[in-house]
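Remarks on the structure that follows.
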Protein chains: 2
Amino acid sequence: MPTISDVAKEANVSVATVSRVLNNHSSVRPETYERVHKAIEKLSFEPNMSARNLRRNETRVILIVTPNITNPYYAHILTGIGDRAREYGYSALIYNTAGNEAREKEALEMLKKKKADGAILLACNVNSIWIREYADKYPIVHCSEYIPDLDIPRVSVDNYKATQDVMEYIIELGHKRIATISSSNNYISTHLRLKGYKDTLKKHDIEVNNDYIVLADDEYSFKSGKAAAYKLLDQKIRPTAIFCISDTIALGAITAAKELGLQVPKDLTVVGFDDVDDTTKFHPYITTVAQPCYELGEESFKILYDCINDTKDMNKEVILSHKFVVRESSAPFVKRYHEKV
Amino acid sequence: MPTISDVAKEANVSVATVSRVLNNHSSVRPETYERVHKAIEKLSFEPNMSARNLRRNETRVILIVTPNITNPYYAHILTGIGDRAREYGYSALIYNTAGNEAREKEALEMLKKKKADGAILLACNVNSIWIREYADKYPIVHCSEYIPDLDIPRVSVDNYKATQDVMEYIIELGHKRIATISSSNNYISTHLRLKGYKDTLKKHDIEVNNDYIVLADDEYSFKSGKAAAYKLLDQKIRPTAIFCISDTIALGAITAAKELGLQVPKDLTVVGFDDVDDTTKFHPYITTVAQPCYELGEESFKILYDCINDTKDMNKEVILSHKFVVRESSAPFVKRYHEKV
DNA sequence: TTCAACAATGTAATCCATTACATATAAAGT
DNA sequence: ACTTTATATGTAATGGATTACATTGTTGAA
């Protein structure tokens, strides 16, 4: 491996000049610049990152704190982060926390220990305000989930608006008995989706029925989605539509409906959220809100990069647009002879 | 951030001694060792990795070359690698290649440029012998796929044996008309599974029928699995069992069967491979071969680590054991009135 | 013409941990 | 008692890039 001083010799200049060329300093004469570049290419020189990092006091490593990359939603985001990071010469330290706060803290301690230049947090409870003390000192970006009122840079979709879209659509279809399967977790998205659900009902003068709000588990597991749907469908007056806050839950709901002899969408409309890969693996394909996961990842890296480099006028909050996609699991409400309402 | 010389001062020794303590050199007196350790703890000193890496000429970065982390199979492996890597102070550079050879080469060029200490390749065509020239010079480990005859260290399951297990089971159930959905890709696992399929049939004096061997696409997509199943089930003499080389394909096959009015497993036995998350999301739950993905990942990191550190007597080939799990998609063959055979 | 101001480049210190080599002290051998 | 050997620790060079400061050369103003 050639070093900067090999290049300097080759180009007949000092190492300082080579370094200036490398870092695009203005004070280098164009012809010198040219000469150095030729030397660099001739020797196919690549600056030694350890040396540069040592001198610049950076690591070129970013931390990705995620509950679980095995979840395709996070995997897509991770791909976006990874592609952009690589492009900028960063590598990733992936911390799987399984939602465990102790491990989240352990992860962020890496920043203190200077093992990473910054962190992207993929899932974060609204009450984790302890993150502030890290965010005050180190570059941290929230991706998709965030903590309200703590103005930590973030990128996400507009969960409230997306839910409104869903609910307006379901109401438009003529449904009145609309339930939701939310989650026991404490994510901002969960809160916003629930609020969107309630607010839109109220807006249309439909009473919010607490029996129609049931919770799946923290990780939106298929199983818990199915169980939640059972709770809804076992009621005397069944809902005719269910808004699920994730596709996996929606899948669970559809399975539950089938087991109860209900046809989706004929007897029950089911809408999901996220649009991960499973939505079109089985009929009925799920009507859902598509999130731009890859772009969420890309964007969070960009913001983190700006944070690390103290870019002026950087974006502190990026909202990417979602897309509501109507597929097969939703249909107009039809009053049937046995219906009481 | 305290440095090694701060520690030296605090402990009243030279930096060399501190360094010796840090690296567990034998020649340090126990009481000195103790004193230095106290100083380290008092200042909560952490060695600066850039400086260490510069001096030691290493990066502490490993390359993970994968077609697509979005695939849960790879995601699980990645989690295993990641957890182990972090433990040893390595971070990961994830290269998504989408199976593109140019991008695979681009990835391995990082080794030449000293941007990573070694690489783990997650999917690799059997004919990619160009990898040898990198493997000769740099630490490279194959995980789950590999190139035969090129003795590059690797970890995988015994695909041939696993397929034998599956086939023996299906034959045991009384099936004679057994088809397989393989893939157009060029992975060693694909070849071995096909060979296992054929060999076991022959062993039981069942003729190999080429009409019963159809291919899904390279990525085992659901869609292509479904299409392949249609090809099998449209034949005059239908198979009564299908061995699919992936669960997603199996899922596709089950969907195709349903669409054709066949019940799984009553009318058709379907067996998958991998045991990723989807296998128990829908009934019938899929009978499949469970791969220890996380452990495959862990093990590959360990081997790579040994390669990087020239460990003597390291394992060059690790075969982890698979587990054949019988669930709902397989059942004994029952001769029906309309059956010709 | 002379000096200030600036442009272009060079010299050397710096980042921090590692390690070859040097030194000092103690234990062992004759 | 005196050299030899081993043990424990220190000094200083090293890895490669960056950058404050120094130097040289050039241009323009007075």
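So you know, we letter chains A, B, ... as the sequences are listed, proteins then strands, and number each from 1. Basis for what follows: all heavy atoms, side chains included, without hydrogens, waters or symmetry-related copies. The structure presented is a predicted model; accordingly, all values stated were derived computationally and were not measured.
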Which part of the nucleic acid, if any, lies within reach of [X] when heavy atoms closer than 4.0 Å are counted: base, sugar-phosphate only, or nothing?
{"X": "A:S50", "result": "nothing"}
{"X": "A:V13", "result": "sugar-phosphate"}
{"X": "B:N53", "result": "nothing"}
{"X": "A:V28", "result": "sugar-phosphate"}
{"X": "A:S19", "result": "base"}

Nearest whole Å is fine: how far is [N] [atom2] from [X] [atom1]?
{"X": "B:H25", "N": "C:dC21", "atom1": "NE2", "atom2": "P", "value": "15 Å"}
{"X": "A:N48", "N": "C:dT14", "atom1": "CG", "atom2": "P", "value": "21 Å"}
{"X": "A:K115", "N": "C:dA17", "atom1": "NZ", "atom2": "C1'", "value": "13 Å"}
{"X": "B:L43", "N": "C:dC16", "atom1": "CG", "atom2": "C1'", "value": "15 Å"}
{"X": "A:M49", "N": "D:dG15", "atom1": "CE", "atom2": "C1'", "value": "16 Å"}
{"X": "A:K114", "N": "C:dC16", "atom1": "NZ", "atom2": "C1'", "value": "13 Å"}
{"X": "A:K9", "N": "D:dG16", "atom1": "NZ", "atom2": "C1'", "value": "13 Å"}
{"X": "B:N57", "N": "D:dA17", "atom1": "CG", "atom2": "P", "value": "11 Å"}

I'd like to know if [X] pairs up with [Y] as an ion pair, taking the criterion as any Lys NZ or Arg NE/NH1/NH2 lying under 4.0 Å from an Asp or Glu carboxylate oxygen.
{"X": "B:E101", "Y": "B:K105", "value": "yes"}
{"X": "A:K38", "Y": "A:E41", "value": "no"}
{"X": "B:K114", "Y": "A:E46", "value": "no"}

Proximity to the side chain of [X] - top-ranked nucleotide from [options]:
{"X": "A:A51", "options": "C:dT9, D:dA17, D:dG10", "value": "D:dA17"}
{"X": "A:I4", "options": "D:dT11, D:dT18, C:dT18", "value": "D:dT18"}
{"X": "A:L22", "options": "D:dT18, D:dT11, D:dG15", "value": "D:dT18"}
{"X": "A:S27", "options": "C:dT19, D:dT18, C:dT9", "value": "C:dT9"}
{"X": "A:T32", "options": "C:dA12, C:dT9, D:dT9", "value": "C:dT9"}
{"X": "A:F45", "options": "D:dG15, C:dC16, D:dA17", "value": "D:dA17"}
{"X": "B:R55", "options": "D:dG10, D:dA8, C:dT19", "value": "C:dT19"}
{"X": "A:T3", "options": "C:dA8, D:dG16, D:dA12", "value": "D:dG16"}

When only distance counts, do a donor and an acceptor, one from the side chain of [X] and one from the base of [N], lie under 3.5 Å apart?
{"X": "B:R56", "N": "C:dT18", "answer": "no"}
{"X": "B:R52", "N": "C:dT18", "answer": "no"}
{"X": "B:R20", "N": "D:dG10", "answer": "yes"}

B:I319 atom CD1, over 12 foreign heavy atoms within 6.0 Å: yes
